[in-house]
There are 2 protein chains.
Amino acid sequence: MSKLEEVADALKLLGDRNRLTIVALLQVKELCVCEIVDILKTSQPNISQHMRKLRDGGLVKESRRGQWVYYSLCLEDKPYILDILKEIPSQAALIVPAVCEANDCCT
Amino acid sequence: MSKLEEVADALKLLGDRNRLTIVALLQVKELCVCEIVDILKTSQPNISQHMRKLRDGGLVKESRRGQWVYYSLCLEDKPYILDILKEIPSQAALIVPAVCEANDCCT
DNA sequence: TAGTAATATAATTATTTGCTTATTTATAGT
DNA sequence: ACTATAAATAAGCAAATAATTATATTACTA
């Protein structure tokens, strides 16, 4: 696959409102699936499938800890994506620990 | 529309192999439709429709000169897109003036 | 080890998208 | 005015995509 195609594929991943929000959220801190579901107000399988696409595209990595799967950004080799994220206002305010306090998942 | 949605829409536009190539080509120089058709080896209506999307998304501007419509980049207010384009190898080699010499469109 | 919670996968559906073919509009040249 | 060329638009279609619902997997806990 050419470099251009690689970039196009990454941009296609980010060209979705939900996925771009997820990546922006992960810039604040790593999150578990349940918290992303809670923030984006959509179904758990929907988020699960978005996370798989982001993982297959090499944009995030996962780490299972107990019951929970935590996702974090993986953009060391993709500085242009960080430049894109700089353009987006911080999504930090969306992260409220309600679910996590109930679940004891994210500290 | 939120800033995030604006960025997502722009990235969706660029997340297509043909459109990303077109934008990369326009970084080299403005081009008329017939030359883009020739370079990308696809149909004229296909390119026309891609150009309309890029124009509606504010990424390119057009200028008609005689029979020909020339497109050029319009990215002053979108520096993050220039950062993306830096990631892509120059597509200059794709531009060969065969069609334009026959048509007298691009100098 | 039975039950529960978190996540993933499968199957399905509805929408969107990229492309094709056919037609129309716009401009130039005779 | 008539013809030719460039580009845009319209209509139709197949493939891709985002979402939903249902089910399976994994891990903790009592």
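Naming convention: chains lettered A, B, ... in sequence-line order (proteins, then strands); numbering from 1 in each chain.
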Each nucleotide N or O in nucleotides 15-18 of chain C that has a protein N or O under 3.5 Å away: list the pair and distance.
residue : atom : partner : partner atom : Å
C/dG18  : OP1  : B/R19   : NH2          : 3.0
C/dG18  : OP2  : B/R19   : NH1          : 3.2
C/dG18  : OP2  : B/K53   : NZ           : 2.7

>> OP1 or OP2 of D/dA8 versus the side-chain N and O atoms of B/Y71: is any pair under 4.0 Å?
In response: yes
> Atom CZ of B/R64 to atom P of D/dT5: distance rounded to whole Å?
Replying inline: 16 Å
> Does B/Y70 or A/P45 map to a spot on DNA chain D nearer the 5' end, using the closest nucleotide for each?
Replying inline: B/Y70
> Between D/dA6 atom C1' and B/L31 atom CG, what is the distance in whole Å?
Replying inline: 15 Å
> So, the side chain of B/K29 versus the backbone of B/L26: is there a donor-acceptor pair under 3.5 Å, distance only?
Replying inline: no
> Are A/R19 and A/T21 close enough, and set up right, to give a side chain to side chain donor-acceptor pair (under 3.5 Å), and what steps lead you there?
Replying inline: CA-CA 5 Å; A/R19 282 192 299 264; A/T21 305; over 6 Å; no
>> Output the rounded distance in Å from CD (B/Q44) to P (C/dT21).
In response: 13 Å
> Rounded to the nearest Å, what distance is computed from the CD atom of residue B/E62 to the P atom of nucleotide D/dA8?
Replying inline: 6 Å
> If you take atom types as modelled and just measure distance, does the side chain of A/Q49 reach the base of D/dT20 with a donor-acceptor pair under 3.5 Å?
Replying inline: yes
> Got a salt bridge between B/D9 and B/K12, using NZ or NE/NH1/NH2 to carboxylate O under 4.0 Å?
Replying inline: no
>> Among A/L59, A/V33, A/L31, exactly one meets side-chain contact (heavy atoms from CB on, under 4.5 Å) together with A/Y71. Which residue is that?
In response: A/V33
> What is the distance from CZ of A/R65 to C1' of C/dA5, rounded to the nearest Å?
Replying inline: 18 Å
> The side chain of A/Q67 lies closest to which of these nucleotides: C/dT9, C/dA5, D/dA7?
Replying inline: C/dA5
>> Cation-pi check for A/Y70 against A/R64: NZ or CZ below 6.0 Å from the six-membered ring centre and within 45 degrees of the axis, yes or no?
In response: no
>> Closer than 4.0 angstrom, basic N to acidic O: yes or no for B/E62 and B/R52?
In response: no
> A/D38 has an atom CG; how far is it from atom P of C/dA6, in whole Å?
Replying inline: 11 Å
>> Output the rounded distance in Å from CD1 (B/I22) to C1' (C/dC19).
In response: 13 Å
> With the threshold set at 4.0 Å, does a side-chain nitrogen-carboxylate oxygen contact exist between B/E30 and B/K61?
Replying inline: no
> Does B/S43 make a side-chain N or O approach to OP1 or OP2 of C/dC19 shorter than 4.0 Å?
Replying inline: no
>> Can you tell me if A/S48 touches the phosphate of C/dT7, counting only side-chain N or O atoms and a distance under 4.0 Å to OP1 or OP2?
In response: no
> Taking atom C1' of D/dA4 as reference, at what distance in whole Å does atom CH2 of B/W68 sit?
Replying inline: 12 Å
